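Shown next, in structure tokens, is the structure this report addresses.
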Number of protein chains: 2
Amino acid sequence: MATIEDVAREAGVSISTVSYALSGKRAISATTRQRVQDAATKLNYLPHASARMLAANRSHIFAVTAPLHPDTDHSAHMTFAMEVTKAARERDYDTLLLVHKDALEGMKRSAATSLADGIIVLDVDAHDERATLARQLSCPAVFIGIPEDTSGLVCVDLDFEAAAAMAIDRLLDAGRRSIGLISHPEETLVRESNFPLRFRHGFEQHAAERGIDIAVANPTHHRAHEAIAELLERKPDLDAIVLNTNIDVAGSVTAALAGLGRSVPGDVSVVAAGVTFSTLRFPVPFDTIPLDAHASCSAAVDMLARIVENGESPPETTLIPPTYIELGSVARTSATPVAPVTAPAT
Amino acid sequence: MATIEDVAREAGVSISTVSYALSGKRAISATTRQRVQDAATKLNYLPHASARMLAANRSHIFAVTAPLHPDTDHSAHMTFAMEVTKAARERDYDTLLLVHKDALEGMKRSAATSLADGIIVLDVDAHDERATLARQLSCPAVFIGIPEDTSGLVCVDLDFEAAAAMAIDRLLDAGRRSIGLISHPEETLVRESNFPLRFRHGFEQHAAERGIDIAVANPTHHRAHEAIAELLERKPDLDAIVLNTNIDVAGSVTAALAGLGRSVPGDVSVVAAGVTFSTLRFPVPFDTIPLDAHASCSAAVDMLARIVENGESPPETTLIPPTYIELGSVARTSATPVAPVTAPAT
DNA sequence: CTGTTAGCGCGTTCAT
DNA sequence: ATGAACGCGCTAACAG
């Protein structure tokens, strides 16, 4: 309600002095600044958003595109949107939600009208149309997730390949030898959601490096039973499972194994890797290499803010190193451990 | 990039003519309007958001406060946020996400700076602080959910009491006599989230009206087993269950009953009422009286837009009538049906 | 029916 | 270190 002019009058200074005293963009004598700040708090002054935007040619708003697919994990989605919003607020930005139907239209519009200073892109597919659009837009964008072609983009994500390697290493260290991977359902892969592919690639590659043979299965029917049956058929000696899948599937793993007479972690050890959900409530909580929404989102928002404010040009791809959380679902066996590779993966 | 002036020049008219031709707020001759529109599309003109906001004193932005509690159902939350956003876009509004930590601060700020034209309040508690704040703010707000004291507010929600009555009526019509309610976990009730209380109240009241005796249980451990055991202990002849609870509990009902030798719907019929999730993937899909996010959100956004644009003053409370979806989890018994009340609830 | 013009509230040069 | 004045792009009241 109170304008900058009211504050200036109250403090007995000029309008520009108020602006500078509050923004700190120019040196103001301590006493004057104090008077201005007192006046501002007294009048409960807050700059009119649109006026500030127009004058500064900056909206202090980031747009967030969060498409909702039929197979989208709403919980993960919400978590990422929230984390982006929190991270943005810490840097004095608000976030505008863009829904799928008009994800492209929304990006164009918020860029063309200067509604947003930047765009955060969530849930990125391998061949995401939003990547093509982002290259054309003058409005800076940061992707949380990594499309196949990252040229001209700025992308942040968990290092899924390192996470896969870390899961394998932990299981091998515990003496496990026959490892299976339960990946995401077909429908997620078909859409070319990219992170399951990157995880799987890292998994296969690191298994080859460590000289072990592995099996991969995609779950069906939103549960683990079929996938586990498939793994056991191909590797009857299966003694470890890596889960890079959704909560429904992961949550049914222990029951599915029990149904086949296998215990966790004794017969089969389990690691959940690159997942957003917690396994604490599972019958047996699983060791987890989390896909940490907070880490990815605050890194992404940080970059975007620096692009907007300082014109910085971050690298195309920033990979966040994985961390390992032990919850007791990996048990040591007496089997001879596989010899570590000469240069162990970090 | 192109300004209104560019369009005016291109079309050979004045600036204000362009403004009126595009906004339609004044009658413009068809030929002129066409010239203006051609020029606009040719130059790819979109009004600069902040300039429009400042001049019109309207941001075309709604703020959405969506607090995240420990027991929050992320999926439902996301659905509501998305539905609000979609509904808003249909009326040419964008939505700003306000996170919990600074829900109050965010509301104040977006109102005081004229960042938002209105506020949508989600996940309302019985004694929600945001209600108090909304009464003081000059910025209009619409609540999706109903606090205890609605004075001076505008609230929209499913008619939970009618939903409870509808569930009872359906079960009685099918010849069921001994009905139990599984409500939300304690932690949700403690927070005074209001809709479980309204549902329960409607349930008890309608049961009394129809002259039947009922039992109510609150689940624990994120599953139905304990609640069902409790219901059976209190009503050994239990032949129907109404679920007004979360997806984890609802999803385990069939298994819990099976563990006690009861089948669905033969021995025990089940209705899920006032829930956001789908039961289609459950072992036995349940008849559902949905808490329809789309209906609530578009009604709320519609009201908010009309308050902002036309200065309308909607009623304090708008209840959305429930609908019933049959999925086969209610089976008819041969028992003598309870006589319908003289004036059946709608 | 159309053009002219005065702000909207603020950030920021330019003088001082 | 401070103040005066201009302009951001648009809307709306006022003229014609």
Side-chain angles (χ1 to χ4, degrees), chain A residues 1-37 39-40 43-61 92 109-117 308-309, chain B residues 1-37 39-40 43-61 92 109-117 308-309:
Chain A
M1 290 293 187
T3 74
I4 197 171
E5 201 179 337
D6 300 330
V7 179
R9 188 174 17 248
E10 175 76 25
V13 297
S14 84
I15 290 181
S16 70
T17 303
V18 175
S19 175
Y20 285 121
L22 295 180
S23 74
K25 291 194 181 176
R26 210 159 79 173
I28 295 285
S29 74
T31 101
T32 311
R33 153 169 307 154
Q34 195 53 53
R35 280 227 312 288
V36 170
Q37 282 183 342
L43 299 181
N44 220 292
Y45 167 77
L46 283 178
H48 187 100
S50 353
R52 181 158 80 127
M53 292 183 204
L54 184 57
N57 196 26
R58 198 136 284 175
S59 66
H60 277 259
I61 290 176
D92 201 23
R109 185 171 49 82
S110 48
T113 64
S114 299
L115 215 203
D117 289 339
V308 169
E309 291 164 15
Chain B
M1 290 293 185
T3 74
I4 197 173
E5 201 179 337
D6 300 331
V7 179
R9 190 176 14 246
E10 175 77 25
V13 297
S14 85
I15 288 182
S16 71
T17 303
V18 175
S19 176
Y20 285 122
L22 295 179
S23 73
K25 293 192 181 177
R26 203 159 83 175
I28 295 286
S29 75
T31 102
T32 310
R33 154 170 305 155
Q34 195 53 55
R35 281 227 312 287
V36 169
Q37 282 186 340
L43 298 181
N44 221 292
Y45 168 77
L46 284 179
H48 187 100
S50 354
R52 182 158 78 128
M53 293 183 204
L54 183 58
N57 195 26
R58 199 137 283 176
S59 67
H60 278 257
I61 290 176
D92 200 24
R109 186 171 50 82
S110 47
T113 64
S114 299
L115 215 202
D117 290 338
V308 169
E309 291 164 14

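Since the model is a prediction, treat every value here as computed from it, not as a measurement. Order of the sequence lines fixes the chain letters, A, B, ..., with proteins taken first and strands second; residue numbering starts at 1 for each chain.
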Arg52(A) CZ to dG11(C) C1': how many Å, rounded? 11 Å

Short side-chain to backbone donor-acceptor contact, Ser110(B) and Leu115(B), under 3.5 Å: no

Quick one: which of dA4(D), dG9(D), dG3(C) gets closest to the side chain of Val13(B)? dG3(C)

Mind calculating the distance between CZ (Arg9(A)) and C1' (dG9(C)) to the nearest angstrom? 14 Å

Considering only dC10(C), dC10(D), dT11(D), which nucleotide approaches the side chain of Ala56(B) most closely? dT11(D)

Given atom CG of Leu22(B) and atom P of dA12(D), what is their separation to the nearest angstrom? 13 Å

Rounding to an integer number of Å, can you tell me how far Leu43(A) CG sits from dG9(C) C1'? 15 Å

What nucleotide among dT2(C), dC10(C), dA12(D) has an atom nearest to a side-chain atom of Ile4(A)? dC10(C)

Position toward the 5' end of DNA chain D (nearest nucleotide), Ser16(B) or Ser50(B): Ser50(B)

Classify Ser19(A) by what it touches in the nucleic acid, base, sugar-phosphate, or nothing, heavy-atom distance under 4.0 Å. base

OP1 or OP2 of dG11(C) under 4.0 Å from side-chain N/O of Lys25(A): no

Any donor and acceptor pair, going by atom type alone, linking the side chain of His60(A) with main-chain N or O of Asp92(A) inside 3.5 Å? yes

Between Thr17(B) and dG3(C), is there a side-chain N or O to OP1/OP2 distance below 4.0 Å? yes

Between Thr113(B) (side chain only) and Arg109(B) (backbone N and O only), is there a donor and an acceptor less than 3.5 Å apart? yes

Side chain of Leu54(A): nearest nucleotide among dC10(C), dT2(D), dC8(D)? dC8(D)

Options dG9(C), dC1(C), dA4(D), nucleotide nearest the side-chain atoms of His48(A): dG9(C)

Work out which heavy atom in Val36(B) is nearest to a heavy atom in Ala11(B); give both atom names and the distance. CA-CB, 4.0 Å

Check every strand shown and say whether Ile15(A) touches a base, only sugar-phosphate, or nothing at a heavy-atom separation below 4.0 Å. nothing

Measuring to OP1 and OP2 of dG9(C), would you say a side-chain N or O of Tyr45(A) lies under 4.0 angstrom away? no

When you get a sec, tell me which of dA12(D), dT2(C), dC10(D) is the closest nucleotide to the side chain of Tyr20(B)? dA12(D)

Over all strands shown, is Thr32(A) touching base, sugar-phosphate only, or nothing at heavy-atom distances under 4.0 angstrom? sugar-phosphate

Should Tyr45(B) and Ile4(B) count as side-chain neighbours, where that means a heavy-atom distance under 4.5 Å? yes

Between dG3(D) (C1') and Arg35(A) (CZ): distance, integer Å: 14 Å

Measure CZ/Arg33(B) against C1'/dG3(C) and give the value in whole Å, please. 17 Å

Can you measure Arg58(B) atom CZ to dG9(C) atom P for me and round it to whole angstrom units? 14 Å

Rounded to the nearest angstrom, tell me the gap between atom CD in Gln34(B) and atom P in dT2(C). 13 Å

How close do Met53(B) and Ser59(B) get, counting heavy atoms only, and between which atoms? CG-CA, 3.5 Å

